[in-house]
Protein chains: 2
Amino acid sequence: MTDPHDCPGCAVPDLAFAAHDHAQCTQDALDRAEALTRTAGARMTPVRRRVLEILLEEHKALGAYDVLARLATEGFGNQPPVAYRALEFLVDQGLAHRIQRLNAFAACAHVGEDHAPAFLICRSCHMVAETAATAARSSLDAEAARAGFRVERSTIEALGICPGCQGAS
Amino acid sequence: MTDPHDCPGCAVPDLAFAAHDHAQCTQDALDRAEALTRTAGARMTPVRRRVLEILLEEHKALGAYDVLARLATEGFGNQPPVAYRALEFLVDQGLAHRIQRLNAFAACAHVGEDHAPAFLICRSCHMVAETAATAARSSLDAEAARAGFRVERSTIEALGICPGCQGAS
DNA sequence: CTTGTGTATGTAATATCATAACACGTCAAC
DNA sequence: GTTGACGTGTTATGATATTACATACACAAG
């Protein structure tokens, strides 16, 4: 990876399931997260940063209790609110997303960009790829508008099989 | 509860939040459900039928425990599996949908049709309207295909404000 | 430097959502 | 009339999430 701000594996949909220099894109995402929270007047505290790191290290969605277990072994609190609050913060800041279908959370792969994400969830290896869904969201908004419904937030998730797991199995 | 004025719509997207004869569409849906399950070789038992009725009567998504509470007062079992099994059956048969965002279930408004539903969830009155999302699903499938991902099931849900709650408060 | 204020964290207790495992009853096929 | 598949009921437990309150910490005003 020559340009630290362009990690193919993490940011480009086409390569969402491809191997890449993950350590580099993790570090880059952390750096951007720090900058963004400072700009937003929010505080990137140790627990919050650690939770984001954990989400970035794993390339999949983690449950709140998975995150909590890892925090607990590192000297942070071991009660659910510790994890839920940090995760909520990250989601609010746009640094992570909640995957409804899995009751789980994944680091945002497009930190700082104004994006309309959809999630591709592999039911075999449990990887979660974040992809742009601008068209799908437009369609949904248009359909909702026809019924007079004002959309505030939307959830678009696909469950299926990733490229890597199609050959295998 | 069966007051047509509380009914945002059962079947027609354009009328999704409009008043209509809810008792009639409920009965229609039940009749169609009976026919479909017979065709599929499945059994529409008393518990299952009652759960479907309950979902149709209420004009919103119901949690499994809400359904269970009503079943229990009517002489059915009062343990969670009773509700979850009936709901799972209805979802498998395409007679109901699960709303991921709410951990809840809603009767299908398009029984028997091959449809690609999206759900419009009013965060004010908690009503849920089922609408066609063919275009949105196509977009999502296309985007997934670009990444080599094979979509099996997808979830499209919008959270916002329904027409009735926009004027009111 | 101290203090007041808002925010973050830790903890206990509880609420809510979901499933595993097993017993029993029914009914049709043989 | 026995077998086997399915549906239902029940016990128990697991998994996910929130409320409420206490403590600690950052930071700016005095």
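Within every chain, numbering begins at 1; the chains are lettered A, B, ... in the order of the sequence lines, protein sequences first and strands thereafter.
At a threshold of 4.5 Å between side-chain heavy atoms, the hydrophobic network of Ile, Leu, Val, Met, Phe, Trp and Tyr places B:Leu159 and A:Phe105 in two separate groups.
Put simply, CG on A:Leu87 is 14 Å from C1' on D:dT18, counting in whole angstrom units. At whole-Å resolution of the value, CD in A:Gln93 and P in C:dT7 are 13 Å apart. One can place CD of A:Glu88 at 14 Å from P of C:dT7, the figure rounded to the nearest angstrom. Atoms CG (B:Leu68) and P (D:dT10) sit 11 Å apart, rounded to a whole Å. Put simply, OH on B:Tyr84 is 13 Å from P on D:dT16, counting in whole angstrom units. Taking atom CG of A:Asp66 as the reference point, atom P of D:dG14 lies 16 Å away to the nearest angstrom. The distance from atom CE of A:Met44 to atom P of C:dT7 is 18 Å, rounded to the nearest whole Å. When the C1' atom of D:dA15 is taken as reference, atom CG of A:Leu102 falls 14 Å away, rounded to whole Å.
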Scan nucleotides 8-15 of chain C nucleotide by nucleotide, 5' to 3', and note B when protein non-hydrogen atoms come under 4.0 Å of the base, S if they reach only the sugar-phosphate, - if neither.
SBBBB---
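Legend: ring-ring contact (aromatic ring centres under 6.0 Å, His included) pairs involving residues 112-139 of chain A, not counting sequence neighbours, sorted by first then second residue: A:His97-A:His115, A:His97-A:Phe119, A:His110-A:His115. Applying the side-chain hydrogen bond (donor to acceptor under 3.5 Å, both in side chains) test to residues at least two apart or on different chains, the pairs with a partner in residues 150-162 of chain A are A:Arg137-A:Ser154, A:Glu152-B:Arg123, A:Thr155-B:Arg101. Residue pairs satisfying the ring-ring contact (aromatic ring centres under 6.0 Å, His included) criterion with at least one member in residues 60-93 of chain A, sequence neighbours excluded, are absent.
Remark: B:Gln27 pairs with B:Asp31 by the side-chain hydrogen bond (donor to acceptor under 3.5 Å, both in side chains) rule, at least two apart or across chains. Here A:Arg49 pairs with A:Glu34 under the salt bridge (Lys or Arg N to Asp or Glu O under 4.0 Å) rule; sequence neighbours left out.
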